[in-house]
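Comments concern the structure below.
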Amino acid sequence: MKRISLTQHLVEEQRLHNTIPAELRLLIEVVARACKTISHAVGKGELGDVMGSAGSENVQGEVQKKLDVISNEILLLANEWGGHLAAIASEEMEAIYPIPNRYPMGEYLLLFDPLDGSSNIDVNVTIGTIFSVLKAPEGMKNPTEKDFLQPGSKQVAAGYAIYGPQTMLVFTTGNGVQGFTLDREMGSWIMTERDMHIPDDTSEFSINASNARHWYPPVKRYVDELLAGQTGPRGKDFNMRWIASMVADLHRILTRGGIFMYPADAREPDKPGKLRLMYEANPMAFVIEQAGGAATDGKQRIMDIQPDKLHQRVAVFIGSKNEVERVTQYHNT
Ligand SMILES: O=P(O)(O)OC[C@H]1O[C@](O)(COP(=O)(O)O)[C@@H](O)[C@@H]1O
Ligand SMILES: [Mg+2]
Ligand SMILES: [Mg+2]
């Protein structure tokens, strides 16, 4: 593949499809640069003061890891100068963060999960950063949480960085999904995946099976049929993978197919799921759908959900289209 840098691709995309105004290109480049800095911090491990707990709790009631806080700071600082950003929302911050002293008001809203897969930080397993970009409502004066509460179908860009053996950046602006690998020597993002596509069918599923006794009947039925393999109604064997980093599990699915599930369960009946709609489920759903896959909460398309809270949770069934449709159908029969 010809060496194409991130900027070259974004400029080309604007010229060909007119989907990436210069302001959005700038925003994506700033996020990409911040992810490069986070990748550097992650790579230091015990050699840098990045491991272990930060000793503080986030709005989700989770104990924050040092890297959760460091990654959040890196993304805030990188975007603070504002450019065309009006405000930021993060998994690690209860309230939204309006960009100070911005006249005229920026036209974009940025949301992120600064460090995804936090339980894997201290055990050197792949982690990531997830981001989503929305348009600020016309005529918006002072950004409020309400301005962010837009369905996922309104996203103008979304993607993730994955910090594994290679550091990659994968995103969409509504014209397919492209993947870039960080050339550590040059410090530049080089395109290595063009128009990523997910097969409609798969023999691989991903779920935290330790919660099986708490699952509701549709999920129990679906997973039992997968586990029954050739001897069961599916008539073929299925393999299982669970990395416990959503970014890593979904990057695998984007690369070779599969279905990822984090359903609601009886442990906390009032909780609609573990993962967060605005900065985990929506951005990953946009990427997966742009690669030919599907994403539902068991009932409806995730990107059609009208959000009512910034940190709301949602059940997630995402990946190869035919499997997502089957498990969703089991919820509706
Ligand atoms: O520990 P569990 O229940 O398997 O959950 C793992 C899931 O939780 C997450 O770590 C939640 O994300 P954060 O690490 O950003 O809080 C997902 O990445 C992952 O899919
Ligand atoms: Mg996460
Ligand atoms: Mg996180």
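Atoms considered below: every heavy atom in the structure, side chains included; atoms not considered: hydrogens, waters and symmetry mates. One-based numbering, in listed order, for ligands and for the atoms of each.
At a cut-off of 2.8 Å, Leu115 coordinates the Mg ion (ligand 3) through an N, O or S atom. Using a cut-off of 2.8 Å, one finds that Glu91 contributes no N/O/S atom close to the Mg ion (ligand 2).
With hydrogens and angles disregarded, a donor-acceptor distance shorter than 3.5 Å links the side chain of Ser320 to the backbone of Gly258. Asp113 places no side-chain N or O within 3.5 Å of a backbone atom of Glu280 that could act as its donor or acceptor partner.
Compare Asp113, Asn208, Asn58 by their heavy atoms: the one nearest to atom 4 (O) of ligand 1 is in Asn208. Relative to atom 12 (O) of ligand 1, the option among Lys274, Glu280, Gln64 with the closest non-hydrogen atom is Glu280.
Taking the six-membered ring for Trp and thresholds of 30 and 60 degrees, His251 and Tyr160 have ring planes more than 60 degrees apart, a perpendicular arrangement. Taking the six-membered ring where the residue is Trp, Phe171 and Phe180 present parallel rings, their angle staying beneath 30° rather than reaching 60°.
Under a 4.0 Å criterion applied to the non-hydrogen atoms of Arg276, ligand 1 contributes the atoms 11 (C), 12 (O), 13 (P), 15 (O), 16 (O). Near Phe260, with a cut-off below 4.0 Å to any heavy atom, the atoms of ligand 1 are 20 (O). Those atoms of ligand 1 with a heavy atom of Tyr262 less than 4.0 angstrom away are 2 (P), 3 (O), 5 (O).
Taking a 4.0 Å cut-off on heavy atoms, Leu115 registers as neighbouring ligand 1. Using 4.0 Å as the threshold, Ala244 has a heavy atom nearer than that to some atom of ligand 1.
When the Mg ion (ligand 3) is compared with the N/O/S atoms of Asp113, atom OD1 turns out nearest.
In this structure, the side chains of Phe260 and Trp242 come closer than 4.5 Å at one or more pairs of heavy atoms.
Using modelled atom types, one finds a donor on one side chain and an acceptor on the other under 3.5 Å when comparing Asp195 with Gln178. One side chain, Ser56 or Gln64, offers a donor N or O that lies under 3.5 Å from an acceptor on the other.
Rounded to the nearest 10 degrees, the angle OD1 (Asp116) to the Mg ion (ligand 2) to OE2 (Glu280) equals 120°.
Note that the CG atom of Leu75 and the CD atom of Glu92 stand 11.0 Å from one another [nearest 0.5 Å].
At a heavy-atom cutoff of 4.0 Å, ligand 1 is contacted by both the backbone and the side chain of Ser118. With a heavy-atom cut-off of 4.0 Å, Glu91 touches ligand 1 through its side chain alone.
Met246 and Val316 make their closest contact through CE-CG1, 4.4 Å (heavy atoms, listed as atom of the first residue, atom of the second, distance).
Below 3.5 Å of separation, one finds an N or O of Gly117 facing an N or O of ligand 1. Taking distance alone, with nitrogen or oxygen atoms compared against 3.5 Å, Met246 approaches ligand 1 more closely than that limit.
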